[in-house]
Asks: 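What follows is a structure written as structure tokens; I'll ask about it next.
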Amino acid sequence: DMAVLIEQAVPLSEWPAEFFQVSDNIQRPGLLLQQAIAPGSGLTRALARGLKETLTEIEKSGLRGRGGAGFSTAMKWRFCAEAQSDRRYVVCNADEGEPGTFKDRVLLNSYADQVFEGMTLCAALIGAEQGYLYLRGEYRHLEDKLQKILQQRRDDGLLGQNILGQELNFDIEICMGAGAYICGEESALIESLEGKCGIPRNRPPYPVTQGYLHKPTVVNNVETFMAAAAIAVNGGDWFKGAGTERSAGSKILSISGDCAKPGIYEYPFGVAIKQILSDCGAVDVQGVQVGGPSGSFISDQELERQLAFEDLATGGSFIVFNNSRHVLDVVKNFTHFFAHESCGFCTPCRVGTSLLKKQLDKIVDGHGSAGDVAALEELCQLVKNYSHCGLGQTAANPVLTTLQRYPELYQRQLKKISYEPGFDLDGALE
Ligand code: NAI
Ligand code: SF4
């Protein structure tokens with residue numbers, strides 16, 4: 001168990017061999033994965049084109065953040081470049097923690113140089129000299145390999161002082177996470193980078209104006225940096241040539257669950273969910289969780305829907321459930337996950353997610369009454385509306401969305417007790 005390994009600080013050399021045998025299993029490479037760029041080519045092209053023009057090219061591409069939320073990348077970089085400061089930072093969020101997401105692990109295992117190229121490009125465009133790769137604690141096995149790639153880039157003049165002989169200085173450090181899901185939230189990640197406890201900050205101010213050490217900071221997902229490097233080489237029109245009007249380019253998905261061919265797939269945005277299901281060999285599909293527990297659980301009636309920011313957005317998670325699964329088991333699993341991962345800073349989430357877990361268990365285990373379902377819904381609203389950060393604000397989504405779509409599933413679990421006069425309540429509860 002990974003958590004135990006980290007807590008006991010077992011040296012890497014003693015970790016079980018099976019742990020390192022994780023297959024990348026890339027099933028359907030598209031725009032990005034098929035056309036990986038040569039080291040240095042993004043930077044060379046950007047310098048030849050002009051840095052300002054390259055940012056315009058990224059704007060033209062329509063690239064939006066690949067971590068899930070889809071904020072305009074060019075706008076983020078521009079905001080950061082324009083913020084008044086003596087120092088700026090670039091941070092790659094590789095704390096991939098969304099349940100069902102493992103594409104950043106694959107990208108860092110197979111395409112890390114292009115990710116570093118994207119970070120360096122960002123640094124050149126915004127004027128940063130220091131970058132950090134915040135790597136999920138469970139991905140520690142990648143660290144040595146990534147350090148070697150960074151060293152290679154330094155040796156090749158693509159990192160360090162006077163990159164490509166220009167007045168361009170930038171280097172990247174790797175910082176290891178320690179297993180907390182909340183540190184994937186960008187402001188908690190920044191706190192953690194600063195050596196503090198990973199508690200989310202109030203946003204705004206966003207990191208573009210007050211990030212690492214309260215200096216302007218760009219925080220982007222692994223895939224976003226990779227895409228930006230490819231756009232620097234191939235141009236904005238190339239990227240915009242795929243996808244939809246509002247969701248340009250492609251998305252890399254981690255497909256898991258009840259399907260014959262789980263793995264990494266890359267699709268142009270706008271692809272129908274049923275196409276993805278057919279490609280990964282999913283049959284008897286009951287539903288798909290798109291975007292992890294905080295995303296959407298869609299039923300077999302909605303398979304025409306599209307993967308796109310304007311329809312179904314995801315940081316990468318795509319989990320298939322067939323007809324043998326009980327939806328409430330899935331909801332229970334996600335609800336327990338959030339209760340476990342709540343950072344404990346604010347009461348509505350710390351206490352609320354625990355109460356949610358207890359209340360849901362009571363119902364799913366067959367001890368609930370109709371009033372308990374109403375109380376569950378009320379609790380969901382409380383956690384959603386009063387929590388400090390995105391974790392708490394979305395922790396009730398699995399319950400709320402299924403209460404809305406499958407109310408009968410909850411009703412079926414209720415204890416069959418009647419309150420007719422003369423009814424022996426004590427007897428019924430035994
Ligand atoms: P958000 O919409 O608040 O922000 C998205 C990005 O845009 C952030 O970098 C933020 O700093 C920036 N931003 C937003 N408004 C801005 C403004 N006015 N000025 C400057 N910058 C601005 O979303 P958030 O809370 O950062 O992330 C939520 C997403 O993360 C969800 O879509 C969720 O699915 C996803 N997620 C992904 C995980 C993964 O492993 N990839 C794990 C958990 C959640
Ligand atoms: Fe921490 Fe949850 Fe509050 Fe976010 S909502 S700050 S995870 S306790």
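Whatever order the structure lists them in is the order used to number ligands and atoms, beginning at 1.
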Asks: If the cut-off is 4.0 Å to any non-hydrogen atom of Gly68, which atoms of ligand 1 fall inside it?
Replies: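 Selected atoms, number and element: 32 (O).
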
Asks: Please list, in number order, the atoms of ligand 1 under 4.0 Å from a heavy atom of Glu96.
Replies: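 Listed by number with element, the hits are 40 (O).
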
Asks: Measuring only between side-chain heavy atoms, which start at C-beta, is Lys357 closer than 4.5 Å to Lys332?
Replies: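 The answer is no, as the side chains (C-beta and beyond) never meet within the 4.5 Å cut-off.
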
Asks: Fit a plane to each ring of Phe269 and Phe309, take the angle between them on a 0 to 90° scale, and name the class: parallel (under 30°), tilted (30 to 60°) or perpendicular (over 60°).
Replies: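 Because their plane-to-plane angle lies in the 30° to 60° range, the rings of Phe269 and Phe309 count as tilted.
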
Asks: Check whether NZ of the Lys or CZ of the Arg Arg325 lies under 6.0 Å from the centre of the six-membered ring of Phe321 and within 45 degrees of that ring's axis.
Replies: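 Pair Arg325/Phe321 does not count as cation-pi.
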
Asks: Output the list of atoms in ligand 1 that are nearer than 4.0 Å to some heavy atom of Pro207, sorted by atom number.
Replies: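 Near Pro207, the atoms of ligand 1 are 11 (O).
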
Asks: Here's a test for you: under side chain to side chain contact (heavy atoms under 4.5 Å, CB included), which of Arg201, Arg203, Glu191 qualifies with Glu185?
Replies: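 Between Glu185 and the candidates, side chain to side chain contact (heavy atoms under 4.5 Å, CB included) is satisfied uniquely by Arg203.
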
Asks: Under a 4.0 angstrom heavy-atom cut-off, which atoms of ligand 2 come close to Gly392?
Replies: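 Checking each atom against Gly392, I get 5 (S).
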
Asks: For ligand 1, is Gly67 a contact, meaning one of its heavy atoms is under 4.0 Å away?
Replies: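 True for this residue.
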
Asks: Is ligand 1 less than 4.0 angstrom away from at least one heavy atom of Thr101?
Replies: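 For ligand 1, residue contact (heavy atoms, under 4.0 Å) with Thr101 is absent.
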
Asks: Of all the atoms in ligand 2, which lie at a distance below 4.0 Å from a heavy atom belonging to Cys349?
Replies: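 Within the 4.0 Å cut-off of Cys349, ligand 2 contributes 2 (Fe), 3 (Fe), 5 (S), 8 (S).
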
Asks: Between ligand 1 and Arg203, can you find any atom pair, the residue atom being a heavy atom, that is separated by under 4.0 Å?
Replies: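 It does, in that a heavy atom of Arg203 comes within the 4.0 Å cut-off of ligand 1.
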
Asks: Taking only heavy atoms of Glu186 into account, list the atoms of ligand 1 that are under 4.0 Å away from them.
Replies: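 This gives 8 (C), 9 (O), 10 (C), 11 (O) as the contact atoms.
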
Asks: Among Val219, Asn220, Thr224, find the residue that satisfies the side chain to side chain contact (heavy atoms under 4.5 Å, CB included) test when tested with Asn93.
Replies: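 Of the listed residues Val219, Asn220, Thr224, the side chain to side chain contact (heavy atoms under 4.5 Å, CB included) partner of Asn93 is Val219.
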
Asks: Can you list the atoms of ligand 2 that are under 4.0 Å from a heavy atom of Ser387?
Replies: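 Selected atoms, number and element: 5 (S).
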
Asks: Does the shortest distance from atom 1 (Fe) of ligand 2 to an N/O/S atom of His388 fall below 2.8 Å?
Replies: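 False for His388.
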
Asks: Looking only at side-chain N and O atoms, does Ser247 offer a donor or acceptor that is under 3.5 Å from a partner on Glu310?
Replies: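 Yes, side-chain donor-acceptor contact under 3.5 Å.
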
Asks: Would you say Cys389 has an N, O or S atom lying under 2.8 Å from atom 4 (Fe) of ligand 2?
Replies: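 True for Cys389.
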
Asks: In terms of relative ring orientation, are Tyr265 and Tyr267 parallel, tilted or perpendicular, with 30° and 60° separating the classes?
Replies: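 Correct class here is parallel.
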
Asks: When you measure from atom 40 (O) of ligand 1 to each heavy atom in Glu98, Gln393, Lys103, which option holds the nearest one?
Replies: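 Result: the heavy atom closest to atom 40 (O) of ligand 1 is in Glu98.
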
Asks: Look at Arg305 together with Asp311 and state whether they make a salt bridge at an N to O cut-off of under 4.0 Å.
Replies: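 Asp311 and Arg305: salt-bridged.
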
Asks: Are Lys274 and Glu304 close enough, and set up right, to give a salt bridge (Lys or Arg N to Asp or Glu O under 4.0 Å), and what steps lead you there?
Replies: CA-CA 6 Å; Lys274 69 172 187 193; Glu304 299 286 343; 3.0 Å; yes

Asks: For atom 33 (C) of ligand 1, what is the closest protein heavy atom, and at what distance to 0.1 Å?
Replies: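 Checked against all protein heavy atoms, atom 33 (C) of ligand 1 sits closest to Ser294 OG, 4.3 Å.
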
Asks: At a 4.0 Å threshold, what atoms of ligand 2 neighbour a non-hydrogen atom of Ser342?
Replies: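 That gives atoms 2 (Fe), 8 (S) of ligand 2.
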
Asks: May I ask you to check whether Gln289 and Ser317 show a side-chain donor-acceptor distance below 3.5 Å?
Replies: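 Checked: Gln289/Ser317 side chains show no N/O donor-acceptor pair below 3.5 Å.
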
Asks: Taking only non-hydrogen atoms of Gly97, do any sit less than 4.0 angstrom from ligand 1?
Replies: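 Within the 4.0 Å threshold, so yes.
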
Asks: When you measure from atom 19 (N) of ligand 1 to every protein heavy atom, which one gives the shortest distance, and what is it?
Replies: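 Of every protein heavy atom, Tyr206 CD1, 3.6 Å lies nearest to atom 19 (N) of ligand 1.
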
Asks: Run the numbers for me: atoms of ligand 2, each under 4.0 Å from some heavy atom of Ile182, listed by number.
Replies: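 Matching atoms, with element in brackets: 7 (S).
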
Asks: What protein heavy atom sits nearest atom 44 (C) of ligand 1, and how far away is it?
Replies: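 Protein heavy atom with the smallest distance to atom 44 (C) of ligand 1: Tyr181 OH, 4.2 Å.
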
Asks: For atom 3 (Fe) of ligand 2, what's the nearest protein heavy-atom neighbour? Residue, atom name and distance, please.
Replies: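 The protein heavy atom lying closest is Cys346 SG, 2.3 Å.
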
Asks: Hydrogens and angles aside, do Ser72 and Arg64 bring a side-chain donor and acceptor to less than 3.5 Å of each other?
Replies: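 Judged by distance alone, the side chains do not pair up.
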
Asks: Give the residue, atom name and distance (to 0.1 Å) of the protein heavy atom nearest atom 1 (Fe) of ligand 2.
Replies: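 Checked against all protein heavy atoms, atom 1 (Fe) of ligand 2 sits closest to Cys343 SG, 2.4 Å.
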
Asks: What is the nearest protein non-hydrogen atom to atom 20 (C) of ligand 1, stated with its residue, atom name and distance?
Replies: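 For atom 20 (C) of ligand 1, the nearest protein heavy atom comes out as Val208 CG2, 3.5 Å.
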
Asks: Let me know which of Asn169, Leu47, Leu43, Asp171 forms a side chain to side chain contact (heavy atoms under 4.5 Å, CB included) with Ile163.
Replies: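 Among Asn169, Leu47, Leu43, Asp171, the one that satisfies the side chain to side chain contact (heavy atoms under 4.5 Å, CB included) with Ile163 is Leu43.
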
Asks: In this structure, which one of Val90, Thr73, Leu121 forms a side chain to side chain contact (heavy atoms under 4.5 Å, CB included) with Phe225?
Replies: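 Result for side chain to side chain contact (heavy atoms under 4.5 Å, CB included) with Phe225: Val90.
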
Asks: Tell me the contacting part of Met75 for ligand 1: side chain, backbone, both, or neither, using a 4.0 Å heavy-atom threshold, strictly below.
Replies: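 Contact part for Met75 vs ligand 1: neither.
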
Asks: Nearest protein heavy-atom contact for atom 27 (O) of ligand 1: which residue, which atom, what distance?
Replies: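 Going atom by atom, the protein heavy atom closest to atom 27 (O) of ligand 1 ends up being Ala69 CB, 4.1 Å.
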
Asks: Kindly assign one of parallel, tilted or perpendicular to the pair Tyr181 and Phe337, based on the angle between their ring planes and the thresholds 30° and 60°.
Replies: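 Ring orientation of Tyr181 relative to Phe337: perpendicular.
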
